Amino acid sequence: MSESPTHRHFIQQIIDSDLAAGRRTSVVTRFPPEPNGYLHVGHAKSICLNFGLALEFQGRCHLRMDDTNPAKEETEYVESIKEDVRWLGFDWGEHYYQASDYFARMHADAVRLIRLGKAYVCFLSQDQIREFHGDEKRAGKASPTRDATVEENLAAFEKMTRGEYDEGKAVLRAKIDMASPNMHLRDPVIYRIRKTSHHNTGDQWCVYPMYDYAHPLEDAYESVTHSICTLEFEVHRPFYDWLLSALGFEGRPQQIEFARLNLTYTVMSKRRLLELVQEGRVSGWDDPRMPTISGMRRRGYTPAALRKFCETVGVTKHNSLSDVALLEHAVRDDLNRTSPRFMAVLDPVRLVIENYPEGQTEELQAVNNPEDPAAGTRKVPFSRTLLIERADFLENADKKFFRLTPGQEVRLRWGYFVKCTGCRKDAAGNVTEVTCTYDPATRGGDAPDGRKVKGTIHWVSEAHAGDVEARLYDRLFAHEDLNHLPEGKDWRDLLNPASLNAVRAKVEPALLAVSPGTRVQFERTGYFCADAKDSKPEQPVFNRTVTLKDSWAKQAGK
RNA sequence: AGUCCGAUGGUGUAAUGGCAGCACAGGAGAUUCUGAUUCUCCUUGUCUAGGUUCGAAUCCUAGUCGGACUACCA
């Protein structure tokens with residue numbers, strides 16, 4: 001538990017008090033993504049918040065596609081969003097909605113607004129609108145048609161709707177206050193002309209509502225009670241309230257803003273993620289290095305780990321930059337309990353047991369998961385010639401090195417004690433083979449005489465080993481805070497050139513049979529997931545989710 | 001520059017006028033058939049200055065710093 005069990009974040013407190021005071025009798029939230037990209041871990045925070053609140057208060061949470069801009073949205077994204085929300089473990093039940101389903105109703109409300117004298121058609125060009133808008137110091141100037149009659153506006157909006165104007169020739173604006181210190185209240189544009197086919201409504205419409213106009217209405221139509229969004233919409237709230245009040249909605253939704261998630265060594269904007277994909281810097285939205293939910297799923301992250309992480313970072317109103325170590329901790333913690341162990345050698349060197357009979361093979365019993373007795377055991381083939389990690393042998397080592405070095409005895413995991421006798425090298429001085437002798441009495445890994453070894457290393461039998469691709473991932477960026485770039489650098493300059501290192505690994509035979517998507521631990525090296533896309537039968541490709549903590553590497557680095 | 005929002009260890013957060021706590025990270029040690037896990041202990045914090053109060057992280061004022069906004073994007 002990262003917080004005391006009684007802790008309530010500020011949104012829970014708002015809801016508590018709404019319920020206690022009788023202002024609300026139920027809780028309805030919504031997660032409203034625009035289908036113009038894949039969901040990322042920042043969205044996961046919002047999903048957990050909104051669906052979590054609904055669960056906690058026995059209300060409901062709607063999944064709503066905020067598809068008001070036909071130029072940017074695609075069905076591919078709609079499908080991926082649904083999949084990601086489900087995968088995270090949430091269920092919207094019957095409550096799937098699309099902003100585009102409300103276009104007729106929104107249009108009718110725009111007509112109402114005009115009749116109320118609270119909206120008008122403006123024929124200024126985009127540049128003129130900007131110019132008339134004023135700035136912090138100067139009040140804006142009224143559009144020439146600001147005081148047109150209701151009839152004139154109705155007629156003009158009708159012509160807009162019928163497509164009689166070209167794109168950009170006219171917009172519908174709310175009539176509020178051109179002198180407001182809040183720019184969003186200086187007669188914001190609420191409808192624009194777009195003669196583009198919409199992924200859902202096709203060519204039915206050529207006028208489309210703007211976010212500021214559409215969003216409060218969507219919430220109101222669905223009887224949303226608490227409309228939770230990110231901090232940058234704080235300035236939009238007065239318009240949100242103005243609109244619903246102007247149109248006379250009862251029991252209006254309340255907009256509440258919270259701080260979006262930022263992660264070290266990670267970009268979190270859809271625009272940047274899209275660029276990484278389009279520029280081919282990653283293999284796609286689901287590249288395992290991407291902070292997208294689909295990328296993290298492929299990388300081996302679990303829904304539980306993501307949910308736990310979202311709980312850990314909390315919900316506040318101030319911007320922060322969460323350490324990616326928090327995320328890594330969440331996934332290690334989950335995977336440690338749940339993933340079966342296997343032996344895999346990522347950087348192999350041969351180990352020959354000189355006193356083990358040539359040609360002999362035996363099967364040793366290995367425990368699948370020490371954290372979970374129910375996971376059972378498996379057999380691992382053993383023979384005279386093994387493969388071990390190159391880093392587990394050192395010709396000249398100090399006393400702190402617990403692995404193979406001439407004269408030192410170590411345990412082969414689930415196997416025997418072996419004592420290092422030396423090594424052979426090639427002409428260049430590279431170690432080609434490590435040699436040792438074994439103690440037959442230590443079969444299974446324990447010495448009858450009670451003697452201890454300091455180190456245990458993993459291994460595979462060379463003749464029995466499978467050969468697979470292992471993709472060793474590291475952080476995508478080499479810079480900590482991508483919202484603050486070093487002088488003169490583009491964010492792309494900060495990509496980590498070593499974010500992917502694909503190696504051929506030698507693995508115990510049981511590993512060849514795992515199905516795509518399976519998460520395992522490679523003992524002593526890390527958690528891996530059989531890639532869901534590139535794995536073939538008997539030929540899995542493993543993605544490293546995260547390394548195991550390595551206090552030896554830390555020590556040795558000192 | 002204006003308006004709005006925010007500020008608690010290295011990081012993320014709790015304490016809602018009454019002992020500044022938790023997690024991560026870092027350090028030391030114990031345990032261990034993974035130098036993992038687990039366990040124990042430790043380092044480190046209320047932006048500044050005033051005020052209110054018996055008592056302030058909390059309330060007030062001013063300042064400082066950070067963020068958002070000035071799209072026919074969401």
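Keep in mind the model is a prediction, meaning the values are calculated, not measured. Letters A, B, ... mirror the listed sequences (proteins, then strands); counts begin at 1.
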Practice prompt. List the steps, then state whether ring pair (Phe, Tyr, Trp, His ring centres under 6.0 Å) holds for A/Trp414 with A/Phe382.
Written response: CA-CA 10 Å; A/Trp414 312 120; A/Phe382 185 87; over 10 Å; no

When the [atom1] atoms of [M] and [N] are compared, how many Å lie between them, rounded to an integer?
| N | M | atom1 | result |
| --- | --- | --- | --- |
| B/U13 | B/G6 | C1' | 15 Å |
| B/G63 | B/C4 | P | 13 Å |
| B/A14 | B/G50 | P | 29 Å |
| B/A71 | B/U53 | P | 48 Å |
| B/A57 | B/G2 | P | 32 Å |
| B/G26 | B/A36 | P | 12 Å |
| B/U58 | B/A1 | C1' | 32 Å |

[X] side chain to [Y] side chain, donor-acceptor N/O pair below 3.5 angstrom:
| X | Y | value |
| --- | --- | --- |
| A/Tyr240 | A/Asp219 | yes |
| A/His458 | A/Arg413 | no |
| A/Asp109 | A/Tyr221 | yes |
| A/His62 | A/Glu222 | yes |
| A/Glu234 | A/Gln255 | no |

Roughly, in whole Å, what's the span from [atom1] in [X] to [atom2] in [N]?
| X | N | atom1 | atom2 | result |
| --- | --- | --- | --- | --- |
| A/Phe258 | B/G67 | CZ | C1' | 16 Å |
| A/Lys308 | B/G12 | NZ | C1' | 13 Å |
| A/Phe31 | B/A74 | CZ | P | 16 Å |
| A/Asn262 | B/A68 | CG | C1' | 13 Å |
| A/His236 | B/C69 | NE2 | C1' | 7 Å |
| A/Phe233 | B/C5 | CZ | C1' | 15 Å |
| A/Lys45 | B/U13 | NZ | C1' | 11 Å |
| A/Glu34 | B/A71 | CD | P | 18 Å |

Worksheet item: How do A/Gly455 and A/Arg237 order along RNA chain B: which one's closest nucleotide is nearer the 5' end?
Response: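 Result of the comparison: A/Arg237.
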
Discussion item. Please compare A/Asn69 and A/Arg413 by the position of their nearest nucleotide in RNA chain B and report the one closer to 5'.
Written reply: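 Whichever sits nearer the 5' end wins; that is A/Arg413.
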
Is the phosphate of [N], meaning OP1 or OP2, less than 4.0 Å from a side-chain N or O of [X]?
| X | N | answer |
| --- | --- | --- |
| A/Arg192 | B/C73 | yes |
| A/Thr312 | B/U13 | no |
| A/Ser320 | B/U11 | no |
| A/His458 | B/U34 | no |
| A/Arg194 | B/C73 | yes |
| A/His7 | B/A15 | yes |
| A/Lys554 | B/G26 | yes |
| A/His9 | B/U16 | no |

When all nucleic acid strands are considered with a 4.0 Å heavy-atom cut-off, which category describes [X]: base, sugar-phosphate, or nothing?
| X | value |
| --- | --- |
| A/Ile457 | nothing |
| A/Lys454 | nothing |
| A/Glu523 | base |

Worksheet item: Aromatic rings A/Tyr38 and A/Tyr77: how do their planes relate, parallel, tilted or perpendicular, breaks at 30° and 60°?
Response: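 A/Tyr38 and A/Tyr77: perpendicular rings.
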
Discussion item. Which label fits A/Phe103 and A/Trp205: parallel for a plane angle under 30°, tilted from 30 to 60°, or perpendicular past 60°?
Written reply: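 Rings of A/Phe103 and A/Trp205: perpendicular, as their planes differ by over 60°.
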
Give me the distances for all protein-to-nucleotides 36-43 of chain B N/O pairs that come in under 3.5 Å?
from  : atom 1 : to       : atom 2 : distance (Å)
B/A36 : OP1    : A/Ser551 : OG     : 2.9
B/U37 : O2'    : A/Asn336 : ND2    : 3.0
B/U37 : O2'    : A/Glu371 : OE2    : 3.4

Item to complete: State whether A/Arg30 and A/Glu218 are salt-bridged, where the test is any N-O pair (Lys NZ or Arg NE/NH1/NH2 against Asp/Glu carboxylate O) under 4.0 Å.
Response: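 Looking at A/Glu218 together with A/Arg30, the answer is no, because their closest N to O distance does not fall below 4.0 Å.
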
Item to complete: State plainly whether the residues A/Arg341 and A/Asp372 are in salt-bridge range, i.e. N to O under 4.0 Å.
Response: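 No.
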
Discussion item. Let's go through A/Arg519 and A/Thr302 carefully: what are the C-alpha distance in whole Å and the side-chain angles of both, what is the deciding distance for side-chain contact (heavy atoms from CB on, under 4.5 Å) to 0.1 Å, and is it a yes or a no?
Written reply: CA-CA 9 Å; A/Arg519 302 181 189 93; A/Thr302 60; 3.5 Å; yes

Item to complete: Kindly indicate whether the side chain of A/Arg403 and the base of B/G35 share any N or O donor-acceptor pair separated by less than 3.5 Å?
Response: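 In this structure, the two groups form a donor-acceptor pair.
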
Worksheet entry | Pairing pattern in dot-bracket form [Watson-Crick, G-U; both distances under 3.5 Å; | = partner strand] for RNA chain B | .((((((..((((....[..)))).(((((.......)))))....(((((..]....))))))))))).....

Fill in: Criterion side-chain contact (heavy atoms from CB on, under 4.5 Å) against A/Cys122, the qualifying member of A/Arg173, A/Arg146, A/Lys175, A/Gln128
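Testing each of A/Arg173, A/Arg146, A/Lys175, A/Gln128 against A/Cys122, the sole residue satisfying side-chain contact (heavy atoms from CB on, under 4.5 Å) is A/Arg173.
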
